[in-house]
Amino acid sequence: MEFSSVQNLSLHLISSAFQRCRLSEQICRLSVILARSSSSSLRVSISDTGNGSCLEEFQGLRFSSNDDADNWDGMLSIKTTSISDTEIHNYTINLKASDSSKITRLTSNTKNGARFSGSEVCLSSFVSIDLLVAEIHQFLEKMMILSIPNVATHLVAEDCDVPGSRYEKVFLANGDKELPIPASNLDLLKSGLEDYVLRHGNTLSNKCHYCFPNWEQLKVGSGVACSIENHQHNELVMEAVIIISNMPVDNTECFRKYGDKTEVFYFKDFSPGTVSKSLMKALKGIDWKSYGLKLGGIVQQDRLALLEWENLTRDTHVDIVLHSYNKQTVIPGPRKITQTERNLVKRAVKLSLDDLKEKHAGVLLSSHAVQVRSYAPDLAKTIAGLILSSSDLNFQEECFSLLGLQSQVVGTENMENCIRERIVSVIEMNDKKPHKNKVAPSLFVDDRAQELEFEENDMEEGEDDLDLQLF
Amino acid sequence: MEFSSVQNLSLHLISSAFQRCRLSEQICRLSVILARSSSSSLRVSISDTGNGSCLEEFQGLRFSSNDDADNWDGMLSIKTTSISDTEIHNYTINLKASDSSKITRLTSNTKNGARFSGSEVCLSSFVSIDLLVAEIHQFLEKMMILSIPNVATHLVAEDCDVPGSRYEKVFLANGDKELPIPASNLDLLKSGLEDYVLRHGNTLSNKCHYCFPNWEQLKVGSGVACSIENHQHNELVMEAVIIISNMPVDNTECFRKYGDKTEVFYFKDFSPGTVSKSLMKALKGIDWKSYGLKLGGIVQQDRLALLEWENLTRDTHVDIVLHSYNKQTVIPGPRKITQTERNLVKRAVKLSLDDLKEKHAGVLLSSHAVQVRSYAPDLAKTIAGLILSSSDLNFQEECFSLLGLQSQVVGTENMENCIRERIVSVIEMNDKKPHKNKVAPSLFVDDRAQELEFEENDMEEGEDDLDLQLF
Amino acid sequence: MEDLRNPMLKFFSDQELCYAEIVPSAQVRARIEVSVLNFLKNLNASNPAISDLPLIQRKFCNSRVNHSLMTDLSCVFLSHSVSSRSLMRPNAAKAFVRVWKVMELCYQILLQEKRVTQRELYYKLLCDSPHLFPSQIDVNRTIQDVVALLRCSRYSLGIMASSRGLVAGRLTFQEPGKEVVDCSVCGSSAHTIPGDVNLLENLILDTDARYIIIVEKHAIFQRLAEDQFFNQIPSILVTAKGYPDMATRVLLHRIHRTFPDLPILALVDWNPAGLAILCTFKFGSVTMGLEAYRYACNVKWLGLRGHDLEMLPDESLVPLKPKDLQIAQSLMSSGILQGNYRDEVALMVQSGRRAEIEALYFHGYDYLGKYIAKKIVQSDYI
Amino acid sequence: MEGKWMSSQSQSTNFHLLAKIKEFTRSIVTDLSNGQSPVILIHRFRNHCTSPNSNCFCGFNLPCGKDVLTLCRESHVHRIDVMLRVLLIVQKLLQENRHCSKRDIYYMHPSVFSDQSVVDHAINDICVLMQCSRHNLNVVSAGKGLVMGWIRFFEGKRLFDCISSPNKVHPIPVHVEEVKDIISVAHYILVVEKESVFERLANDQFCSANHCIVITGRGYPDIPTRRFLRLLVEDLHLPAYCLVDCDPYGFDILTTYRFGSMQMAYDTKHLRVPEIQWLGAYPSDAERYFIPKQCLLSLTAEDKRKLEAMLLRCYLQRDVPQWRLELKMMLEKGVKFEIEALSVHALSFLSMSYLPSKIQGKMII
Ligand SMILES: [Mg+2]
Ligand SMILES: [Mg+2]
């Protein structure tokens with residue numbers, strides 16, 4: 001893996017540390033400490049209490065900045081120990097050097113029999129501390145969506161030249177929510193995204209009580225698609241979570257960063273990834289219409305992909321997260337998105353949409369069903385009319401009881417509402433099992449039309465508009 | 001005047017001799033004798049008994065052949081005497097010489113007190129006798145159209161080497177017709193063209209009785225247009241004669257040289273002339289359409305102009321002769337056709353067409369009148385039907401008497417024919433005075449005549465049925 | 001309300017009005033005979049000529065509007081401006097011969113005391129002279145020419161007038177010598193107005209109605225007839241199923257002359273065509289030629305009108321069509337509309353919408369009758 | 001007051017129909033309360049097919065398939081919506097013993113129905129569903145047919161006394177079920193395609209000279225005209241002859257009288273008049289009656305297309321092969337003409353020569 005900036009390299013190192021924590025069975029702590037000393041070089045220290053690291057992790061790294069601003073010598077200093085090690089190994093690695101002269105082993109420290117594991121990676125550079133803090137912050141917040149429960153991350157930044165400039169933040173997943181134990185990755189992802197939505201993404205640190213007075217307003221759907229790749233028992237998993245939320249329309253205080261657009265979060269192997277063209281193609285290929293959604297287009301902004309909807313009501317918002325990982329790989333390497341993965345995206349998204357629809361009546365109705373549903377008030381009114389205008393009281397009574405209405409309290413509106421609800425529910429139910437209920441509605445193709453050669457005009461009343469010319 | 005061939009010169013000399021005869025008050029004789037002696041040179045002798053000639057006539061002549069076939073020395077020998085002369089003057093003139101050395105006066109002969117006048121012009125050349133005879137013949141025949149009554153032309157040709165080859169012909173104008181005395185030039189021209197038509201032009205020596213059993217079938221119209229040119233009291237006269245003749249359609253024996261086309265004969269100063277482009281333009285400019293004729297185009301063939309008609313019936317033929325001369329000039333010189341003359345052509349032709357139309361009912365009807373006339377049978381039938389289907393005998397009787405019919409003998413056809421003829425005659429009459437613009441009587445006696453608004457455009461078929469025009 | 005026989009109007013009419021009369025066939029024949037004699041006389045005169053045919057111009061520019069000072073009655077009429085058919089003008093020659101052809105045929109039909117339809121006339125002429133009458137339109141136009149020449153109605157020429165009109169309500173009529181017909185007991189099929197215009201002029205009428213109501217549409221008429229609306233408000237219902245034909249107008253005029261005190265109220269669509277239909281009853285129209293204005297009646301506009309729109313559902317107001325705008329334009333430029341009519345047209349154009357009478361059904365089928373009754377009681381007509 | 005024209009018989013029909021409507025409503029409500037989509041089966045009918053083998057059942061009023069309407073498809077829901085709206089109107093009409101026209105119904109919800117044909121379709125659906133005729137729904141046509149001749153009858157209490165002046169035009173009653181006390185001394189019924197011919201016959205005093213009844217439906221006949229004709233044929237046992245233009249439309253009008261129309265195929269048994277015979281004008285009449293060439297118009301491409309389609313109709317082959325032969329001849333000759341073309345010889349040719357020669361000469365197929 002080749003990096004061209006200290007920021008990117010730092011994010012990668014944080015991600016690696018995070019993975020080591022994740023894979024540990026214990027509650028782990030990940031500290032990122034940025035300290036600018038008076039020498040004005042910035043020291044970046046990433047330490048974790050996860051599984052110890054292995055040299056291979058670092059061997060593959062390379063640095064090749066054309067940008068002198070970094071002014072970095074390419075040297076990483078590493079301390080690491082695993083739970084079974086008796087000593088702490090020390091290395092320096094020159095990422096600018098060629099492979100052979102890369103790694104220098106330093107003398108180890110003894111652990112004095114203590115059983116702990118962990119690593120610390122340090123580097124010194126002249127990169128801007130503010131820039132780096134902002135990026136790391138964003139990165140860590142995104143990581144929160146994964147809701148890895150056993151990692152607490154601590155970000156500290158201090159400029160020694162500026163007194164009182166210390167910045168410190170702890171990132172803890174699922175702060176106030178109970179999760180099933182053991183929680184699956186998907187559960188964690190759902191919980192993470194819910195949290196994200198309730199906090200309006202990055203803009204709030206707590207759930208927005210103004211927009212979401214009750215929790216249940218979020219409509220969450222999730223889906224998992226798997227595939228065994230290359231016969232290597234290397235199972236590729238694609239998890240998708242979709243949340244539809246409704247906010248008060250008149251809410252002028254809270255706003256989404258991207259308005260009505262949907263930011264697609266994409267995680268690859270438990271680390272935030274970029275939404276590539278290939279992935280966007282997969283997203284475009286989803287039959288949104290059959291869920292009543294009309295995709296206007298996908299906008300790429302920075303490294304984000306924003307889906308634009310054409311027919312969303314103003315109060316509705318859609319949030320999507322995708323997570324793809326190999327079930328078996330422990331230390332993931334770079335991986336290209338394949339056709340298989342594209343298909344998995346489609347399947348996972350579709351499954352989560354189905355899930356949503358199944359769990360929440362009336363949500364994600366196909367545009368066809370929406371159209372059909374628009375007839376419901378008319379139909380209800382007419383049927384109610386047929387019943388209420390009848391002069392046969394027994395018949396009316398029978399209908400009331402069928403509809404579960406008390407005849408004493410039946411008003412026209414009452415009746416209409418009741419019938420409408422039933423019609424709507426039938427239509428929505430029908431839409432949920434789109435492939436089940438396909439009793440070819442028209443048993444016979446409409447072959448009658450072509451047989452009618454002559455429009456019979458036994459209906460006209462010799463209408464009046466034609467004969468301006470009287471003679 | 002410059003000549004480039006012996007033929008053309010000869011024709012000019014004959015024409016000059018002809019003019020001298022014409023201007024003489026007496027009956028004159030013009031002899032053209034072509035004799036090839038054994039020396040194989042051809043001697044051309046042109047003698048006339050007209051007024052004597054004057055030297056000026058010959059002084060203007062010039063000869064400049066590039067063609068050696070003529071093989072002529074350019075020498076003319078001339079004898080001439082006028083009635084008042086006491087002797088016969090002899091000259092030789094060298095037409096190839098320069099002006100100063102041109103004329104040689106020879107010794108004169110005495111007339112011994114006899115009172116006669118005349119001239120003889122001779123030349124010797126190696127030109128072909130056959131060619132020359134043919135051209136002179138054609139020339140003299142054309143001259144016949146002018147019908148100059150006091151000139152008898154005698155053409156003799158003899159090849160001394162060929163025994164019995166003597167050819168001789170006398171051209172006498174108006175052989176069998178009585179002409180008013182004194183006859184005007186126009187009368188003579190008419191008579192000459194009639195003669196020409198009745199003889200099918202050059203192809204017959206006598207009137208063709210097959211085609212023209214009676215004389216009256218020819219429809220003749222003539223017109224004269226004059227103009228005083230250059231304030232010199234030099235009055236230019238343009239005479240035109242047009243004859244329309246009908247021949248049996250099934251006549252396969254007689255035929256016109258130029259088929260349905262009309263040869264335009266053009267005489268200038270009593271001598272056949274060529275129809276120039278300028279003249280053709282004038283002919284094209286005539287409004288033939290208002291006479292029901294449709295000029296397809298003018299073809300120039302040899303020195304002739306042929307008018308092509310587009311809508312002539314197969315049995316109809318049109319012949320036209322134009323004669324333009326100066327009333328005062330005695331010996332005409334070369335003259336270009338001027339704009340004035342072109343206008344005169346148009347006027348003269350138009351006048352003769354009008355003359356024709358006036359004299360012959362139904363001839364040269366304008367295409368408009370022809371169209372209107374085509375409705376006559378329908379209209380006649382309708383009105384006859386109205387009269388005859390009536391049950392009111394008084395009404396019928398009144399109609400019969402208006403039509404001048406005996407009620408006893410009235411058949412449907414009779415009646416129809418009678419009404420049709422009257423309608424046709426009104427239509428034809430109306431067409432004759434096209435510019436008179438008299439108001440047609442209204443069907444009902446109308447005292448509101450001043451209210452009659454004639455709107456030319458209220459007649460279109462598209463008429464008043466615009467159905468949106470409600471009120 | 002003494003219409004055209006009002007002496008003052010008569011004076012006026014003598015000056016300008018031209019009209020086609022209903023005349024007995026003998027008289028029409030006589031007029032044709034006079035035409036023939038005049039034609040022959042001119043043909044045979046010392047200065048022979050073919051007479052032009054003086055036809056009253058049936059064009060907008062020859063129409064006048066007569067706003068009567070004495071009565072409310074206005075009408076459109078044609079003045080004596082003549083457009084002549086001349087044989088001698090090349091583009092009129094055909095039309096000239098056509099006029100004579102049709103006159104001949106009519107003459108013969110009148111002799112046989114028959115009547116023909118225009119279609120039959122067309123076939124006859126097509127057979128006789130296909131080059132003169134290539135289409136039915138030529139025949140129809142020529143018939144109008146003959147009307148304009150002889151100044152007698154089409155019906156008088158022996159041409160059948162098929163009537164589309166219906167009448168129902170508190171009216172009885174009787175053909176001389178026949179049984180009395182009661183228009184109030186004829187159900188929703190109502191009574192057909194006969195096409196025989198002579199007959200209409202001679203009917204013996206009686207009524208106890210208080211109003212005459214013209215209905216634009218057959219269906220509305222049927223609704224009112226079935227509901228026997230005329231018993232609710234004593235009235236006579238008339239419909240021509242759209243633009244009125246002559247017979248319907250003649251009958252209306254006949255009723256109006258006999259019972260001049262009955263107001264005539266019209267119920268038409270609220271669109272330019274509806275108003276045009278009303279106006280044709282009221283004033284006549286140029287396209288009806290010389291027969292048009294004689295039967296002008298002082299028709300009042302009951303509905304639908306602009307202020308009725310409030311009670312109509314929005315969905316029943318449909319956008320104006322281009323043709324509507326054309327008609328509106330024609331109405332406005334005719335100079336015939338009184339001020340409040342013009343306002344209505346302007347409102348239609350401005351709102352860009354139209355409404356049909358049936359829109360009243362929104363309030364139930366019986367609302368139509370209530371609506372009319374309310375309007376009548378409140379004298380809400382203009 | 002509006003019940004004035006209703007007999008007790010139609011009141012019982014109304015009651016019967018109202019019960020059916022209730023049953024239908026109940027089934028919908030039941031389905032809905034069970035959380036199921038109502039399923040509405042509408043049978044399809046046709047009065048002819050184009051299959052060359054003659055073993056079809058087109059003439060037997062048997063359905064030839066059905067439409068299954070559910071709430072799954074928008075087009076179906078729309079159809080149901082329209083149908084129920086019309087049904088509600090019909091229920092009211094039946095309850096109140098009122099009549100109205102299809103046009104009136106259309107104007108109840110013009111923007112929903114969007115077009116008259118949508119309403120027409122819904123009315124047909126209801127008729128099929130309720131197994132009744134259109135007039136049973138109290139939906140009536142405006143009625144444009146005309147009648148004259150030797151007949152006298154009542155529509156409810158209204159007397160149609162055609163017999164007293166047999167050449168006078170009367171409208172055909174709209175409520176044919178109310179027609180009673182028919183008295184006729186006619187020998188036959190003549191059905192003519194168009195009003196102008198009807199008027200020609202009236203003008204020629206045809207009925208005075210011939211003891212007959214003349215009827216016109218003015219083009220394609222409306223339902224009252226067809227039902228009235230059928231009533232006369234059934235009650236009076238008179239032969240019925242049909243005179244139409246010799247063109248594709250004329251022939252189609254003829255078949256409408258005899259076999260009914262495709263739209264109303266579900267009710268053919270009440271609307272067709274199988275006894276009707278074709279009197280003219282045949283393509284072969286052009287020569288027989290010396291119709292001038294100018295009056296023979298050539299068939300347009302559209303005409304030919306129609307003719308070819310009509311030739312395939314099964315009932316022609318099965319019931320009236322002779323009609324089919326004449327129709328084929330029309331296509332072969334490539335010309336058409338109108339009845340008026342017969343009048344060119346003489347105005348009265350139709351009534352004095354053509355019709356008598358056809359009827360007396362049995363030149364009727
Ligand atoms: Mg309208
Ligand atoms: Mg027809």
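What you see is a predicted model, and the numbers here were worked out from it, not measured in a lab. Reminder, nothing fancy here: chain letters follow the sequence lines and each chain counts from 1.
With chain D as the partner, the residue from C/Thr192, C/Val116, C/Leu166, C/Leu360 showing the most heavy-atom pairs under 4.5 Å is C/Val116. Considering only heavy-atom pairs separated by less than 4.5 Å from chain C, the leading option among D/His109, D/Arg200, D/Gln294 is D/Arg200. Each of C/Gln108, C/Lys114, C/Lys178 has some count of heavy-atom pairs under 4.5 Å with chain D, and the biggest count is that of C/Lys114.
The distance from the CD atom of C/Glu175 to the OG atom of D/Ser165 is 7.0 Å, given to the nearest 0.5 Å. Put simply, NE2 on D/His170 and NE2 on C/His191 are 7.5 Å apart, with the number rounded to the nearest 0.5 Å. From C/Arg119, atom CZ reaches atom CD1 of D/Ile339 across 11.0 Å, with rounding to the nearest 0.5 Å. A distance of 7.5 Å separates CD of C/Glu226 from CZ of D/Arg98, quoted to the nearest 0.5 Å. Note that CD of C/Glu113 and CG of D/Asn203 are 11.0 Å apart. Values are rounded to the nearest 0.5 Å. How far OG of D/Ser343 is from CG of C/Leu121: 11.0 Å, rounded to the nearest 0.5 Å.
With a threshold of 4.5 angstrom between heavy atoms, C/Asp314 does not approach chain D through any atom at all. Looking at D/Lys168, the atoms closer than 4.5 Å to chain C (heavy atoms on both sides) all sit in the side chain, from C-beta outward. With a threshold of 4.5 angstrom between heavy atoms, D/Ser164 does not approach chain C through any atom at all. Within the 4.5 angstrom heavy-atom criterion, no atom of C/Gln232 approaches chain D. Interface remark: D/Leu93 contributes side-chain atoms only to the contact with chain C (heavy atom separation under 4.5 Å). Of the atoms belonging to D/Leu350, not a single heavy atom falls under 4.5 Å from chain C. With a 4.5 Å cut-off on non-hydrogen atoms, D/Asp204 touches chain C through its backbone and its side chain both. Residue D/Ile89 touches chain C through its side chain alone, counting heavy-atom pairs closer than 4.5 Å. Residue C/Glu179 touches chain D through its side chain alone, counting heavy-atom pairs closer than 4.5 Å.
Considering every non-hydrogen atom in both C/Ala190 and D/Pro171, the closest pair reads O-CG, 4.0 Å. Residues C/Tyr123 and D/Cys295 share a closest heavy-atom pair of CD2-SG, 3.6 Å. The minimum heavy-atom distance linking C/Arg223 with D/His99 is given by the pair NH2-O, 2.5 Å.
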Kindly indicate, with the supporting measurements, whether the criterion side-chain contact (heavy atoms from CB on, under 4.5 Å) is fulfilled by C/Thr117 and D/Glu195. CA-CA 10 Å; C/Thr117 61; D/Glu195 188 180 11; over 6 Å; no
side-chain contact (heavy atoms from CB on, under 4.5 Å) between C/Arg164 and D/Lys144, worked out: CA-CA 10 Å; C/Arg164 289 168 303 202; D/Lys144 55 180 180 145; over 6 Å; no
Full working for side-chain contact (heavy atoms from CB on, under 4.5 Å) between C/Glu120 and D/Ser196: CA-CA 9 Å; C/Glu120 284 170 328; D/Ser196 59; over 6 Å; no
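In this structure the side chain of C/Gln222 never reaches within 4.5 angstrom of the side chain of D/Asp104, judged on heavy atoms.
Around the CE atom of C/Met311, the shell of radius 6.0 Å holds more than 12 heavy atoms that belong to other residues, nucleotides or ligands.
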